[in-house]
Visitor: 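Just dropping this structure here.
Numbers for residues simply follow the sequence, beginning at 1.
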Amino acid sequence: MGAWAIAVHGGAGVDPNLPKERQDEAKRLLTRCLDIGISALRSNVPAIDVVELVVRELETDPLFNSGRGSALTEKGTVEMEASIMDGPKRRCGAVSGLTTVKNPISLARLVMEKSPHSYLTTPGAEEFAKKQGVEMVDNDYFITEDNVGMLKLAKEANSILFDYRIPTVGTCGAAVDSRLQMNGLPISVYAPETVGCVVVDKEGRCAAGTSTGGLMNKMSGRIGDSPIIGAGTYACELCGVSCTGEGEAIIRSTLARDVAAVMEYKGLNLHEAVDYVIKNRLDEGKAGLIAVSKNGEVACGFNTTGMFRGCATEGGFMEVGVW
């Protein structure tokens, strides 16, 4: 029997001017999700079940960019994506382009367990959801007043916004002057408030899940790293990893898989592996990740100003942070 560990994230790339009340609100949500996961792990719930349970909680709360409260496309609609992976046999499921599925992470798991495939996108994903009897809602359910206001500002700035929950002209103005590029094209700073969870249970089984609404003011049909196995999400017998940040950079670097790869091929431990890929695999991209190992270790890394994150281990360690 090993030791369990859990980590959650709510996105990398935090605005340095983020109001304290928003920081505190985020910390409370992350703490609540950790408590849910800890309780389940103490009851010997398998890692894959804990991941789904925690990510569903994050999707249901509109604070972060997943499920309800997802970022809006340029058309003012929501297109969500998610993936989940069970380490022991590297089973995985992913979905994208969802517009009416209340909890994308649960549909991703159904793709893994109830279909012959690993990845479904709309309209096939939505049809599969209906056949599986998952809870469906109108697209308006996911749209919040804050996001409508921030989409308006994004369009006025002709930009993709960072931390779109802070509706100030100053934020948008700064975004227009940003030198950040995505696939070689100048953009404003991305909106990376993706959510994720990684877990290792007492049996040493690792699992990971990631869910997001994507970028504010993104092109309709754009797919980021979150549903891509090996990029935004990866789990195997060694570790479980969930990423957040500039999706295009994460995809190019296959960031989540690379953590496992350097552990396997270079013999690095979890902390060394996370540090290595953040420093050496992102080129000029901005991102962060959380990870657990089969040995009960937990780690996080990011090259952004901050990352909403929390982690806990069976040994009593627990931390929730932003910066």
Side-chain angles (χ1 to χ4, degrees), residues 5-13 47-48 51-52 54-55 58 66 81-96 104-105 108-109 112 118-119 190 192-200 205-212 214 223-266 268-283 285-294 297-304 307 309 311:
I6 180 172
V8 296
H9 72 72
I48 190 70
V51 165
E52 181 184 7
V54 171
V55 175
L58 289 162
S66 67
E81 52 202 46
S83 63
I84 195 168
M85 191 163 186
D86 195 13
K89 294 184 178 180
R90 285 181 286 189
R91 298 182 307 150
C92 58
V95 289
S96 63
I105 193 69
R109 184 171 182 182
M112 177 179 76
S118 295
Y119 192 157
Y190 52 88
E193 293 187 358
T194 295
V195 306
C197 178
V198 293
V199 173
V200 57
R205 297 171 296 202
C206 298
T210 313
S211 180
T212 191
I223 296 171
D225 66 286
S226 296
I228 298 179
I229 299 301
T233 303
Y234 192 74
C236 60
E237 69 281 359
L238 290 175
C239 62
V241 184
S242 174
C243 301
T244 174
E246 185 187 336
E248 280 67 12
I250 294 171
I251 291 170
R252 293 195 304 271
S253 61
T254 57
L255 198 65
R257 164 59 186 159
D258 228 35
V259 173
V262 296
M263 290 179 71
E264 182 176 356
Y265 302 136
K266 293 176 71 71
L268 302 185
N269 65 36
L270 184 71
H271 292 274
E272 292 170 337
V274 169
D275 186 61
Y276 180 86
V277 300
I278 291 294
K279 289 180 178 178
N280 296 283
R281 289 293 184 258
L282 281 168
D283 300 320
K286 299 295 183 181
L289 62 86
I290 54 173
V292 293
S293 77
K294 68 176 183 179
E297 302 165 301
V298 64
C300 68
F302 51 93
N303 64 357
T304 54
M307 179 171 73
R309 65 197 185 279
C311 57

Visitor: I want to check something: taking the side chain as every heavy atom from C-beta on, are Met307 and Ile290 in contact at a cut-off of under 4.5 Å?
Guide: yes
Visitor: So Thr304 and Glu246, side-chain contact (heavy atoms from CB on, under 4.5 Å) or not? Walk me through it.
Guide: CA-CA 10 Å; Thr304 54; Glu246 185 187 336; over 6 Å; no
Visitor: Using every non-hydrogen atom in the two residues, find where Gly301 and Ile278 come nearest and quote the distance to one decimal.
Guide: O-CD1, 3.8 Å
Visitor: Hey, could you give me the SG/CD distance between Cys239 and Glu297, rounded to the nearest 0.5 Å?
Guide: 10.0 Å
Visitor: Output yes when a side-chain donor or acceptor of Glu81 lies under 3.5 Å from a complementary backbone atom of Gly224, and no otherwise.
Guide: yes
Visitor: Within this structure, what is the CD-CG distance for the pair Glu264 and Asp258, rounded to the nearest 0.5 Å?
Guide: 11.5 Å
Visitor: State the OG-CZ distance between Ser118 and Arg91, to the nearest 0.5 angstrom.
Guide: 11.0 Å
Visitor: To check you understand the geometry: which heavy-atom pair defines the closest contact between Met263 and Ser293, and what is its length?
Guide: CE-CB, 4.4 Å
Visitor: What's the shortest heavy-atom distance between Arg205 and Ala47, and which atoms?
Guide: O-CB, 3.2 Å
Visitor: Regarding Ser96 and Tyr119, do their side chains bring together a donor and an acceptor under 3.5 Å, going by distance alone?
Guide: yes
Visitor: With the side chain counted from C-beta on, respond yes when Arg109 and Val51 share a heavy-atom pair under 4.5 Å apart, and no when they do not.
Guide: no
Visitor: Measuring from Asp275:CG to Asn269:CG, what's the distance to the nearest 0.5 Å?
Guide: 10.0 Å
Visitor: Any non-hydrogen side-chain atom of Asp225 less than 4.5 Å from a side-chain atom of Leu255?
Guide: no
Visitor: Is a side-chain N or O of Thr244 found less than 3.5 angstrom from the main chain of Ala12, in a donor-acceptor match?
Guide: yes
Visitor: List the steps, then state whether side-chain contact (heavy atoms from CB on, under 4.5 Å) holds for Ile105 with Leu58.
Guide: CA-CA 10 Å; Ile105 193 69; Leu58 289 162; over 6 Å; no
Visitor: If every non-hydrogen atom of Ser242 is compared with every non-hydrogen atom of Gly209, which pair is closest and at what distance?
Guide: OG-O, 3.4 Å
Visitor: Under the salt bridge (Lys or Arg N to Asp or Glu O under 4.0 Å) test, which residues partner Lys89, sequence neighbours left out?
Guide: none
Visitor: Do Thr194 and His9 pass the side-chain contact (heavy atoms from CB on, under 4.5 Å) test, and can you show the C-alpha distance, the side-chain angles, and the key distance before you say yes or no?
Guide: CA-CA 8 Å; Thr194 295; His9 72 72; 4.0 Å; yes
Visitor: Search all heavy atoms of Gly240 against all heavy atoms of Cys206 and return the closest pair with its distance.
Guide: N-CB, 3.9 Å
Visitor: Any sub-3.5 Å donor-acceptor pair from Asn280's side-chain atoms to Tyr276's backbone N or O?
Guide: yes
Visitor: Thr210 and Cys243: side-chain contact (heavy atoms from CB on, under 4.5 Å), yes or no, with the steps?
Guide: CA-CA 7 Å; Thr210 313; Cys243 301; over 6 Å; no
Visitor: Would you say the side chains of Ser226 and Thr212 form a donor-acceptor pair under 3.5 Å?
Guide: no
Visitor: Could you check if a side-chain atom of Ile229 sits within less than 4.5 angstrom of a side-chain atom of Tyr234, using non-hydrogen atoms only?
Guide: yes
Visitor: If I compare all heavy atoms of Ser66 with all of Ser211, which pair ends up nearest, and what's the gap?
Guide: CB-O, 3.5 Å
Visitor: State, yes or no, whether a side-chain contact exists between Val55 and Ile84 at a heavy-atom distance under 4.5 Å.
Guide: no
Visitor: In the structure I gave you, are the side-chain heavy atoms of Asp283 and Ser253 within less than 4.5 Å of one another anywhere?
Guide: no
